[in-house]
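Single-structure report; data block below.
Worth saying up front: this structure is predicted, and the values here are computed from it rather than measured. A note on names: the letters A, B, ... follow the listed sequences, proteins ahead of strands, and every chain is numbered from 1.
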Amino acid sequence: MATPATLATCDLSHTLETLLRSAIITALGTAAGAADPQLKPSASPKFGDFQANFAMALAKTLGRNPREVAQAVVAAAPPALMDLCESLEIAGPGFVNIRLKPSSIAQALALMDSPGLGVPDSQQTQTIAVDLCGVNVAKQMHVGHLRATIIGDTIARMHERLGWRVFRQNHLGDWGLPIAMTLASLRRAGVDLSRATLDDLNAAYRRAQTEGLPEAPEHDAALADAHDTLRKLQAHDPDTVAQWQAIIEVTMREVFSSARTLGVILGPEHSRGESFFRDRLGATADAFVAAGLAERDAGALIVRFPGRERPLLIQKSDGTSLYATTDLAAARYRIEELGADLVAYCVDARQRDHFKDVFDAVAMIGWTRRAGKPDARLVHVPFGAVLGEDKRPLKTRSGENVTLASLLAEATARGRREVHARAQAPDAPTAGLSSDELDAIGQSVGIAAIKYADLSGDVGRDYVFDLDRMISFEGDTGPYAQYAVARIAGILAKAGANGRGAPLIIATDEERALGLHLLRYGSTLKAAAAALAPNRLAAYIYELANTFNSFYQACPVLKGSDPDLRASRLRLCDLSRRVLSDALSLMGIDSPARM
RNA sequence: GUCCCGGUAGCUCAGUUGGAUAGAGCAGCAGAUUUCUAAUCUGCAGGUCGGUGGUUCGAGUCCACCCCGGGACGCCA
């Protein structure tokens, strides 16, 4: 019987990697930099818990047989590695299959069983600015804003969880001629802004757009009025500024309300709209001129890129700025003033080329460079369209854009209906709850359904909005994950204990699979955040819910008579609940105790 | 015309840095329940990874060309 291993952290895969690396160096004399063990979770349980794939690549450079290379490394395995593992086997062309001792898994799980759940903490040494939501003042939010908001919030939350400093930046469309046109139109129509709704503003916005068309009879007068309004706004005319603030207020009230319904952290402190950058636009354009990066073309100011036909327009021929100018100023602000190491732009995929140009321009002028630090990174997180059943962008029957508010209302109503229906069964855990309580659970389920469906795929791709599928409670859905939490909560409540501190027994296949998957939480979260890919987190959640349900099926917790086993399994339940709940919370999804 | 993104099971999609027999869900079929919440679990079936060529020990993944679908392309954002 070998001495039991002593782990320093719960990150088993990191520990294995370090030990394997030293074995590789010892056995082969490889330079440390070239000694990557290529460790990953096994493709199948029959190959053990982890596999190391270093041998094939190293054998090539050394001109040796890969299985011999693997054999040499296994023979050089340090005692600490052997203490952790039940077996190290060489298979196939030279894979090293690693099977851990149950005690290693148990020990790592005990270390993970802490408030942080094994998630690494960057201690605020890294800063990210997340461009999210991106609403326009006086316009209704639609499904595109759903994506910009929840994807951005999830990316922000993942980084917060990992200990980054996070700045949410809601890049509002709150400035420029369109806003002035809307404001002028509202004033002509005599709308009382103190009691206007977003619908009123939206109507004025559209009316203003129509009036502004060249063929409209009132075109000249409307445009003159709008320009006059914009001038007053720029000159800080108190009445005009007050009206402008009023329409922002009306818009944002509804935005924040939708954010609350969605479980998204977004408030006035995150608003950093176009108006914020209005006094920096001239200097932005000037900087490009001064750097010799901008040139006049047909009266406009453009930035050209090597090897690219398309230039970036940063100033119109009438001398005014446009969205690229604001984006350049905002990028500079985020890097220089917020201190962002990384700026993630959660914006529609159709703006890919635009952001490529903006990012290249920012890099060319040197605004990504920082003294004594690596360059700041600007990354577009492009998301696809939400489609209707006809595979066309989602519209109402009358051809209007579907508003976010109506979508949320539908999802909420649907979730409530399902939860109420289930509570009818006399033996349902929710039987006897008040209608309000069921409503609250139902809302949480409905919101989870649409959010999870949105975040569980590659966000860059389009998807078809199908509420039936999202809320089906079967398969890879938000409600399925919530259900796993509710099941665990039921057991823990019934037991009146959580097994904390109990010795963990990893005996069955299901306990092992659950334990190993729990241990992957920290590294999975880190990888998901680094890739700015919420779907990786979702995949983890689904796998964990699934693994737990298999465990639940095979391993009775409360029914067993052995008190040690019961305590161990309770502890696994408790840990599973906390990890699931934590992971769901990073997507802003609640986990009700009953459903 | 130029550029970008995508094409994986009947449908919807995963697929990490190039690793073993390409995985899930839905739909289909066969099972498990006096339920620690069956909104569950177990099993079966289902594939020319758009096509061709290339790189190499190994390609869904990298490269070239082609086909199909979607998108963006100077004074909107």
Exercise for the section: Round to a whole Å and report the spacing from NZ of A:Lys356 to P of B:G74. Expected result: 17 Å

Exercise for the section: Would you mind reading off the distance between A:Leu281 atom CG and B:A77 atom P, rounded to a whole angstrom? Expected result: 11 Å

Exercise for the section: Confirm from the modelled atom types if A:Arg422 and B:U37 form a donor-acceptor pair under 3.5 Å, side chain to base only. Expected result: yes

Practice task
Look at the side chain of A:Asn97 and the base of B:A20, then say whether one donor and one acceptor between them are separated by less than 3.5 Å.
Solution key: yes

Practice task
Using whole Å, report how far CD of A:Glu543 lies from P of B:G23.
Solution key: 13 Å

Practice task
Please measure how far the C1' atom in B:A59 lies from the corresponding atom in B:U55, and state the result in whole Å.
Solution key: 10 Å

Problem - Residues A:Arg350 and A:Asp348 bridged, charged N to O under 4.0 Å - result: yes

Problem - Heavy-atom donor-acceptor pair, A:Arg310 side chain to A:Asp357 backbone, under 3.5 Å - result: no

Problem - Pairwise C1' distance, B:G58 and B:U37 [rounded to whole Å] - result: 47 Å

Practice task
Using a strict 4.0 Å threshold on nitrogen-to-oxygen distance, state whether A:Arg272 and A:Asp131 make a salt bridge.
Solution key: no

Fill in the blank from the handout: When A:Ala300 and A:Leu39 are each assigned the nearest nucleotide of RNA chain B, the 5'-most assignment goes to A:Leu39

Problem - Sub-4.0 Å heavy-atom contacts from residues 379-391 of chain A onto RNA chain B, ordered by number - result: A:Lys391

Problem - Exam field: side chain A:His227 to backbone A:Leu223, donor-acceptor pair closer than 3.5 Å - result: yes

Problem - Under-4.0 Å salt bridge between A:Glu89 and A:Arg99 - result: no

Exercise for the section: Provide the distance between the two C1' atoms, one in B:A30 and one in B:G18, to the nearest whole Å. Expected result: 39 Å

Practice task
Return the value, rounded to whole Å, for the distance between atom CZ of A:Phe355 and atom C1' of B:C3.
Solution key: 18 Å

Fill in the blank from the handout: Between A:Arg392 and A:Ser456, the residue closer to the 5' end of RNA chain B by nearest nucleotide is A:Ser456

Problem - A:Arg520 NZ/CZ over A:Tyr540 ring centroid, <6.0 Å and within 45° of normal - result: no

Exercise for the section: Using a heavy-atom cut-off of under 4.0 Å over every strand shown, decide if A:Arg461 touches base, sugar-phosphate, or nothing. Expected result: sugar-phosphate

